[in-house]
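A quick write-up on the structure given underneath.
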Amino acid sequence: MADFFDQLSDILFLDIETASQTEKFEELDPRLQEEWIKKELLIRMESQVELIPGSLYFDRAGIHAEFGQVICVGVGFFQTKKKDKKLIFRSKIFGDSDERELLLALKDLLNKKKVGALCT
């Protein structure tokens, strides 16, 4: 069992949250509005539900890379304190209104922390 706990410190746990790029479909760039309507047509064919163009944007856009953005990333990892024979879980949340800055901060952590595996 000790080996199992030792291996936990090699895993970085991630939870990535996304949201639509804009709050309302009407606020989306007109070119992207056209692309979203194409996406909705595919969704409509799968669910066979009649939709008003743009009506699914707020609920569904965040899970599609071209219409969503990362709004926060939670990370956690186990740290073993061999001297105290303790296993401690540490966590941190990255959040920034600028997706690029958020991802760069996450990248810095990934470069610093030796990670054997990612668990999402």
| NZ-CD distance between Lys86 and Gln79, expressed to the nearest 0.5 angstrom | 12.5 Å

| Between Cys119 and Ile11, what is the shortest heavy-atom contact and its length? | CB-CG2, 3.8 Å

| What distance separates Lys113 NZ from Asp108 CG, expressed to the nearest 0.5 Å? | 15.5 Å

| task | Could you work out the complete set of other residues in the hydrophobic cluster of Phe77, with links drawn between I, L, V, M, F, W and Y side chains under 4.5 Å apart? | result | Leu12, Leu14, Ile16, Val70, Val73, Val75, Phe94, Leu102, Leu103, Leu106, Leu109, Leu110, Val115, Leu118

| remark: For Ile93 and Cys72, the nearest pair of non-hydrogen atoms, with its separation, is CG2-CB, 4.5 Å

| query | Is any side-chain heavy atom of Glu23 less than 4.5 Å from a side-chain heavy atom of Phe58? | reply | yes

| request: Hey, could you give me each pair passing salt bridge (charged side-chain N to carboxylate O under 4.0 Å, His left out) that has a residue in residues 57-71? Not counting sequence neighbours. | output: Lys39-Glu66

| query | Hey, does the side chain of Gln21 reach the backbone of Leu28 with a donor-acceptor pair shorter than 3.5 angstrom? | reply | no

| task | In plain terms, say whether Glu34 and Arg31 are close enough for a salt bridge, that is, a side-chain N and a carboxylate O under 4.0 Å apart. | result | no

| Roughly how far apart are Ile43 CD1 and His64 NE2, rounded to 0.5 Å? | 4.5 Å

| query | Counting only heavy atoms not in Lys107, do more than 12 sit closer than 6.0 Å to its NZ atom? | reply | no

| field | Main-chain N/O of Thr22 paired to Tyr57 side chain as donor or acceptor, under 3.5 Å | value | yes

| CG of Leu42: more than 12 outside heavy atoms within 6.0 angstrom? | yes

| Interatomic distance, Leu32 atom CG to Glu27 atom CD [nearest 0.5 angstrom] | 13.5 Å

| query | How would you list, by chain and number, every residue that makes a side-chain contact (heavy atoms from CB on, under 4.5 Å) with Asp15, sequence neighbours excluded? | reply | Glu17

| query | Looking at CG of Leu8 and CZ of Phe13, how far apart are the two atoms once the value is rounded to the nearest 0.5 Å? | reply | 6.0 Å

| said: Checking the side chain of Gln69 only, and the main-chain atoms of Ala19 only, is there a donor and an acceptor separated by less than 3.5 Å? | reply: no

| Is any side-chain heavy atom of Trp36 closer than 4.5 Å to a side-chain heavy atom of Leu56? | yes

